[in-house]
Amino acid sequence: MSEYLHIIIWFFLIEALSFISVPFIRSAGNRLADGGYSVSRALGIMLVTYLSWIFSYILGFSFTAVLIAFFLLCSVSIFLYRKQKFFPGRKVLVVNELVFASGFFFFLLVRTYLPEIYRHEKFMDFAFLNAVIRASSFPPQDPWFAGGLMDFYYYFGYLSVAVFGKLSAVKPSILFNLAVALTFALSLNAFFGMGYNLTRGKIRYGILTAVFGMLLGNLQGLIEFVSVYIRHEQALGGYYWSSSRVIPFTINEFPYFSFIHGDLHSHMLAIPFQLLVLAFLLNMHFRKNEDSIFENSLALLMFSMSLGFLFPFNSWDFPVYFGLAFLVIFAFYCGDYVHNRNLFAAVAKFSNSMIFISIFSFLPYLLFYLDFNPQAAGGFDFVLPELRTETDRFLILFGLFLFLVFSFLITRLDSRRKIVFFVLLAGVSALLSKAWSIPLLAVLLPVFVFSLLLFLKDIPERSASGFVYLLISAASFIALLCEVIFLDDPISGEFARMNTVFKFYMHLWIFLAISAAYSYYDLNSHYAARSGNRKTLKQFVKKGWSVILVILIICCAIFPAVSTVTRIKEMNAEPSLDGMEYMRELDRGDYNAIRWMQANIKGSPVILETSEDDSSYSYACRVSSNTGIPAVIGWARHERFWGRDHEEVKKRIGDVSLIYSTGSEEEAIELIEKYNVTYVYIGTLERQVYDVNTKKFENKAYFEPVYEGSATIYKLKKNRKKDVMNFHF
């Protein structure tokens with residue numbers, strides 16, 4: 001019963017943030033129909049996470065530090081509320097609470113049938129989450145490289161989960177699944193808010209945007225359905241997998257895939273925080289006839305910190321949203337120039353705004369940057385022609401959205417001059433596509449140029465359509481950029497641009513989903529205003545268009561429906577929110593031993609457990625993953641990818657094997673002290689992988705058994721340990 005109480009406390013803490021954050025979000029969202037309430041929880045999580053992180057440098061990362069951060073935020077919120085005297089209206093509150101609750105409890109139900117923190121990269125995510133929870137200072141210990149730090153990784157996503165885990169005392173194995181459901185609900189609510197605010201308070205279009213953003217798949221879902229259930233062909237990785245591998249040698253995730261897949265990756269956790277920044281940008285876009293793009297200093301600070309939060313959360317997002325911010329601010333001060341005809345003042349104010357945003361998106365996170373030492377990226381390289389995306393693959397991914405966006409843009413061809421220009425642009429794009437061997441250029445270059453021109457034309461008005469033009473042009477530009485260059489990381493050969501497409505295509509989905517939903521709203525309004533009683537050719541075209549749209553939506557709805565059912569059926573798990581329950585049947589000895597460690601071992605001592613050269617994606621390193629206690633070496637392939645020295649990784653794998661198998665106490669002790677090992681874990685897996693010589697561990701002068709069962713845990717006695725704390729690799 002106490003565990004349920006902790007979950008209830010966790011939920012009400014999250015709920016409280018929606019109200020606590022209202023005074024903070026008011027200034028930065030005062031031009032939005034919902035006052036920014038749809039993203040208030042995301043802002044609250046960001047602020048509590050940030051303050052807890054700051055206080056950890058003084059008090060250590062502890063319950064006390066998080067509690068102080070929470071109460072400080074409450075105190076400032078009360079002070080601001082007394083000054084502002086503002087609270088969202090009943091309609092905004094009720095609708096957003098219903099959207100959030102629906103999303104949360106729907107996906108919480110899904111997670112109860114998909115609870116396992118196992119397979120794919122869930123061990124990695126859980127290892128990072130547990131390492132952050134155990135951390136007393138930042139950056140946290142690397143759970144898979146004893147003596148190393150997580151200074152190579154953007155860990156704020158796990159920190160945002162850990163903060164509320166500490167505050168509510170929810171077990172990490174339950175917290176993992178709660179975090180997936182929460183992120184789904186935050187994202188659904190934020191997408192709803194974007195549609196609601198773009199259409200100035202129309203609920204049905206907010207719902208449509210939420211459906212497009214979070215509840216639909218791509219057309220591969222239909223193709224795979226035919227392949228598996230009609231042709232009865234074998235599906236590699238299960239029905240749902242191929243929808244994320246449409247473009248060869250890349251990953252093409254979209255929100256519903258990420259959530260049904262269930263890896264607690266940073267790119268998934270970041271979705272609501274991207275939408276938070278997008279909501280602030282929309283508010284800035286709507287500000288007209290004002291001297292400054294920000295209402296006040298608080299609005300500047302909230303936007304800048306939200307933008308800056310993206311880098312330590314999921315670094316790939318920051319340059320995209322900084323670029324959008326640049327364009328929105330540029331448009332604002334261009335509009336200022338159009339109205340006031342003072343070029344010098346407009347340039348000066350634009351420069352000041354960008355300088356302040358740059359400072360306040362960087363300076364609050366300075367301590368993170370001082371420690372951040374990524375080693376996995378080595379500049380940029382050019383995409384080979386044979387690896388570029390074919391048009392049909394791109395249409396499979398975004399066919400529904402592109403159909404609506406194209407239709408929306410075509411309605412802007414309202415003069416012969418525009419039609420001629422667009423036809424010429426399409427022709428030139430087709431020629432360049434052929435000449436440069438970039439298939440997507442033929443489709444996306446006209447869209448990019450035309451939408452960008454429409455955005456620039458809209459600068460004096462800065463309408464909702466203008467913001468959508470910006471999103472369309474940004475999506476087109478990013479897609480084309482991925483056809484030309486990629487981030488050079490340790491993955492090479494045919495898969496070289498895998499991570500670049502993987503990370504940036506999530507932005508495409510977000511931008512195009514919002515744009516497509518608004519496009520439908522605009523087209524619906526457009527035809528409603530021009531419809532008459534007589535049946536005309538245009539009405540027949542509209543009906544044909546509507547039939548195509550319905551077919552596309554149905555096709556895209558196949559993936560979420562079928563993947564949810566098949567994933568639950570394949571998992572065949574007993575309903576639970578505890579992600580470790582699977583281990584009871586897989587290896588009860590491991591389950592009991594790890595539960596003992598979670599309850600009895602504090603801090604981050606080093607543990608010895610199984611690891612092999614091909615350990616990645618396997619059951620190896622299950623102890624460090626489920627506890628956050630650093631292992632000598634974890635998933636070797638991943639550590640190499642993150643920039644660890646290959647020879648050092650290989651040496652550690654060999655040393656782990658030697659410690660287990662050697663009959664020499666002296667040799668074992670020397671290696672154990674080299675890596676500052678405190679605990680030696682011997683379970684079924686260790687006995688299977690190594691020829692374990694247990695006799696040396698039974699020497700009570702060196703070791704004491706602290707846990708005995710089908711798995712045994714030995715602790716090195718303190719008086720035998722040498723001072724080797726200065727080894728850091």
Side-chain angles (χ1 to χ4, degrees), residues 152-154 244-254 265-267 270 274 307 310-311 313-327 330 372-398 402 425 428-452 455 470-512 640-643:
F152 55 85
Y153 205 82
Y154 30 84
S244 69
R245 301 299 190 275
V246 174
I247 301 172
F249 312 116
T250 69
I251 300 173
N252 327 120
E253 285 194 23
F254 49 93
H265 281 354
S266 294
H267 76 274
Q274 293 178 49
L307 178 63
L310 294 179
F311 194 96
F313 202 105
N314 185 45
S315 301
W316 298 78
D317 299 337
F318 180 78
V320 172
Y321 286 90
F322 188 86
L324 280 179
F326 180 92
L327 291 172
F330 172 79
F372 192 48
N373 184 33
Q375 298 174 19
F380 295 90
D381 207 343
F382 291 100
V383 179
L384 297 174
E386 60 269 22
L387 296 178
R388 288 172 179 152
T389 307
E390 295 296 333
T391 305
D392 60 338
R393 303 282 181 168
F394 194 79
L395 293 177
I396 288 171
L397 288 172
F398 302 109
L402 292 174
L425 180 60
V428 171
S429 300
L431 291 173
L432 291 175
S433 171
K434 194 74 173 175
W436 294 344
S437 300
I438 306 176
L440 287 187
L441 208 60
V443 177
L444 293 181
L445 185 59
V447 173
F448 168 67
V449 173
F450 191 52
S451 57
L452 184 61
F455 167 69
L470 175 61
L471 294 183
I472 295 170
S473 60
S476 304
F477 177 78
I478 293 168
L480 289 173
L481 192 66
C482 290
E483 298 304 297
V484 180
I485 60 173
F486 64 89
L487 186 69
D488 189 12
D489 58 32
I491 299 177
S492 58
E494 294 175 321
F495 290 92
R497 71 173 188 139
M498 181 182 76
N499 276 311
T500 299
V501 172
F502 172 30
K503 297 292 187 177
F504 286 124
Y505 266 48
M506 187 63 82
H507 301 131
L508 263 66
W509 186 278
I510 292 171
F511 296 165
L512 291 175
R640 291 190 189 99
F641 181 80
W642 295 326

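All heavy atoms count here, side chains included; hydrogens, waters and symmetry mates do not.
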message: So, applying ring-ring contact (aromatic ring centres under 6.0 Å, His included) with Trp316, which one of Phe504, Tyr321, Phe322 is it?
response: Phe504

field: Positive for ring-ring contact (aromatic ring centres under 6.0 Å, His included) with Phe495, one of Phe641, Phe249, Phe486
entry: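 Filter result, single survivor: Phe249.
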
- prompt: Among Leu387, Asn252, Ile251, whose side-chain contact (heavy atoms from CB on, under 4.5 Å) with Val501 holds?
  reply: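 So, applying the side-chain contact (heavy atoms from CB on, under 4.5 Å) to Val501 and each of Leu387, Asn252, Ile251, only Asn252 qualifies.
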
Could you state the interatomic distance from [atom1] ([X]) to [atom2] ([Y]), rounded to the nearest 0.5 Å?
X	Y	atom1	atom2	value
Phe477	Leu470	CZ	CG	12.5 Å
Phe254	Ile510	CZ	CD1	13.5 Å
Leu471	Phe455	CG	CZ	9.5 Å
Tyr154	Phe372	OH	CZ	8.0 Å
Asp392	Leu397	CG	CG	10.0 Å
Phe448	Ile478	CZ	CD1	10.5 Å

With a 4.5 Å heavy-atom cut-off, do [X] and [Y] have their side chains touching?
X	Y	value
Ser266	Tyr153	yes
Arg393	Pro248	yes
Met498	Arg245	no
Leu307	Phe318	yes

[Y] and [X] aromatic ring geometry - parallel, tilted or perpendicular at 30°/60° bounds:
X	Y	result
His507	Phe511	parallel
Phe398	Phe394	tilted
Trp642	Phe152	parallel

- request: Can you establish whether the number of heavy atoms outside Phe502 located under 6.0 Å from its atom CZ is more than 12?
  value: yes

Atom of [X], atom of [Y] and distance for their closest heavy-atom approach:
X	Y	result
Arg497	Cys482	NH1-O, 2.8 Å
Ser476	Leu444	CB-O, 3.9 Å
Thr389	Ile247	CG2-CD1, 3.5 Å
Asp317	Ala270	OD2-CB, 3.4 Å
Thr391	Val443	CG2-CG2, 3.6 Å
Ile438	Arg388	CG1-NH1, 3.6 Å

- prompt: Is there a donor-acceptor contact under 3.5 Å from the side chain of Thr500 to the main chain of Leu487?
  reply: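 Checking the backbone N and O of Leu487 against the side chain of Thr500, a donor-acceptor pair under 3.5 Å is found.
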
task: Give a yes or no answer on whether the side chain of Ser433 reaches the backbone of Ser429 with a donor-acceptor pair at less than 3.5 Å.
output: no

message: Run Asn314 and His267 through side-chain contact (heavy atoms from CB on, under 4.5 Å) and show every step you take.
response: CA-CA 6 Å; Asn314 185 45; His267 76 274; 3.9 Å; yes

